[in-house]
Amino acid sequence: LDKPLNTNESQVGIDMGIKYFMVTSDGEFVENPRFLEKQLKKLRIEQRKLSRKYNKNIKAQSKNFYKQAKVVAMLYKKVTNARKDFLHKASTYLAKEYGIVYHEDLRITNMVKSNLSRHINDVSWGTFFKILAYKTKVVRVNPAYTSQKCSSCGHTCKENRVTQSIFKCVACGHEENADLNAAYNILKLGASSVDANVGH
């Protein structure tokens, strides 16, 4: 891993997601590359081939079985390497631009038990946070209500979240992309928190 890249005082809040890998409080939308999802069809085909070559009645499998197992393993390795490269590039970009990055203190182990588990594992937020924390300062903030709070007036209620992508405050009428609104809230919450957990 690289050493921390800067000591500047610029700050940013980032909201992690599934549709977008992250949205920054500076208005940048980073697409989710969906590395595993793009290979799933091919992986299923190759894994079915592997299953057909497996003989449960013998200990030593055929050469064709091991050859096919290598094909499957290489596909997974391709996904892993592409994801790792993306995470390093995304974290390096943030580290070069910002001295402090604020993100939600997500309970990822609990989240992967949901029906979004495959998607959450594919984006590898936990690995990304670890890499990022090595390259620049990070502050983890309480994720409670960041998606329901209006970044303009502060009114908080679930009705503000019209859809997964649209935020419209029922109090002041402020309308914003929901992820961008959350990123604004994360930035404000992190910047004002004196008890924030700061890493480097």
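Since we're looking at a predicted model, the values are computed, not measured. Sequence positions, counted from 1, serve as the residue numbers for this chain.
- Contact check for Trp125 versus Leu106: side-chain heavy atoms found under the 4.5 Å cut-off.
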* Asked: Between Ser62 and Lys53, is a side chain to side chain donor-acceptor pair (under 3.5 Å) present by the stated rule, with each step listed?
  -> CA-CA 8 Å; Ser62 68; Lys53 295 178 189 298; over 6 Å; no
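- Donor-acceptor pairing under 3.5 Å is lacking for the side chains of Tyr20 and Asp15.
- Hydrophobic cluster membership is shared by Ile18 and Phe129, with clusters built from Ile, Leu, Val, Met, Phe, Trp and Tyr side chains linked at under 4.5 angstrom.
- Within the 3.5 Å criterion, the main-chain N or O of Gly17 finds no donor-acceptor partner in the side chain of Asn32.
- No hydrogens or angles considered: a donor-acceptor pair under 3.5 Å links the side chains of Ser151 and Asn181.
- Distance alone, capped at 3.5 Å, places no donor-acceptor pair between the Lys168 side chain and the Glu159 backbone.
- Looking at Asn185, its side chain does come within 3.5 Å of a backbone N or O of Thr146 through a donor-acceptor pair.
- No single ILVMFWY cluster, assembled from side-chain heavy atoms under 4.5 Å apart, contains both Val23 and Val101.
- Separation of atoms SG (Cys169) and NE2 (His174) is listed at 8.0 Å; rounding is to 0.5 Å.
- Judged by distance alone, the side chain of Ser10 and the main-chain N or O of Glu97 form a donor-acceptor pair under 3.5 Å.
- Ring pair Phe65/Tyr54 is tilted by interplanar angle, where 30° to 60° counts as tilted.
- In this structure, Gln61 CD and Leu50 CG are separated by 9.0 Å, a value rounded to the nearest 0.5 Å.
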* To do: Any chance you could lay out the side chain to side chain donor-acceptor pair (under 3.5 Å) test for Tyr98 and Gln11, step after step, and finish with the verdict?
  => CA-CA 5 Å; Tyr98 305 101; Gln11 304 176 14; over 6 Å; no
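- The CD atom of Gln39 sits 10.5 Å away from atom OH of Tyr76, with the distance rounded to the nearest 0.5 Å.
- One hydrophobic cluster, built from ILVMFWY side chains closer than 4.5 Å, holds both Phe35 and Phe128.
- Scanning both residues, Met16 and Met22, for their nearest heavy atoms gives SD-CB, 3.8 Å.
- Other residues, nucleotides and ligands place more than 12 heavy atoms under 6.0 Å from the CD atom of Glu37.
- Taking all atoms of both residues into account, the shortest heavy-atom contact from Tyr184 to Glu176 is CE1-OE1, 3.7 Å.
- Counting only heavy atoms from C-beta outward, the side chains of Cys150 and Phe167 approach each other to under 4.5 Å.
- Across all non-hydrogen atoms, the minimal contact from Ile58 to Ala60 is CD1-O, 3.1 Å.
- Between Phe21 and Leu87, the shortest heavy-atom distance links the atoms CZ-CD2, 3.8 Å.
- Looking at heavy atoms from C-beta onward, His155 lies in side-chain contact with Val170 at the 4.5 angstrom threshold.
- Distance check: His88 NE2 to Lys135 NZ gives 5.5 Å after rounding to the nearest 0.5 Å.
- The 12-atom threshold is not exceeded at OH of Tyr145, counting heavy atoms of other residues, nucleotides or ligands nearer than 6.0 Å.
- Grouping the Ile, Leu, Val, Met, Phe, Trp and Tyr side chains by contacts below 4.5 angstrom, directly or via other members, places Leu94 apart from Phe29.
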* Please walk me through it: do Tyr93 and Glu28 pass side chain to side chain donor-acceptor pair (under 3.5 Å)? -> CA-CA 12 Å; Tyr93 167 73; Glu28 292 184 82; 2.6 Å; yes
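- Under the 3.5 Å distance criterion, the side-chain polar atoms of Arg161 are matched with a main-chain donor or acceptor of Gln164.
- Under the 3.5 Å distance criterion, the side-chain polar atoms of Ser192 are left unmatched by any main-chain donor or acceptor of Gly190.
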* **Candidate pair Leu43 and Leu36, rule side-chain contact (heavy atoms from CB on, under 4.5 Å), full reasoning** => CA-CA 9 Å; Leu43 272 166; Leu36 179 61; 3.8 Å; yes
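- Summarising the geometry, atom CG belonging to Leu187 is positioned 4.0 Å from atom OG belonging to Ser25; distances are rounded to the nearest 0.5 Å.
- Ser91 and Ile131 make their closest contact through OG-CG2, 3.2 Å (heavy atoms, listed as atom of the first residue, atom of the second, distance).
- Judged purely by atom type and a 3.5 angstrom limit, Thr163 uses its side chain to pair as donor or acceptor with the backbone of Ile166.
- At least one side-chain heavy atom of His103 sits less than 4.5 Å from a side-chain heavy atom of Arg140.
- Residues Gln68 and Asn64 have side chains not in contact (no heavy-atom distance under 4.5 Å, counting atoms from C-beta outward).
- Proximity of Arg48 to Arg44: side-chain heavy atoms (C-beta onward) are separated by under 4.5 Å at one or more points.
- Residue Val72 is not grouped with residue Ile45 when hydrophobic side chains (ILVMFWY) are merged at heavy-atom distances under 4.5 angstrom, including chains of intermediate members.
- Considering all non-hydrogen atoms of both residues, Lys19 and Arg34 come closest at CA-NH2, 3.5 Å.
- Of the possible donor and acceptor atoms, one in the side chain of Thr136 sits under 3.5 Å from a partner among the backbone N and O of Gly99.
- With values rounded to the nearest 0.5 angstrom, Leu75 atom CG is found 10.5 Å from Thr80 atom OG1.
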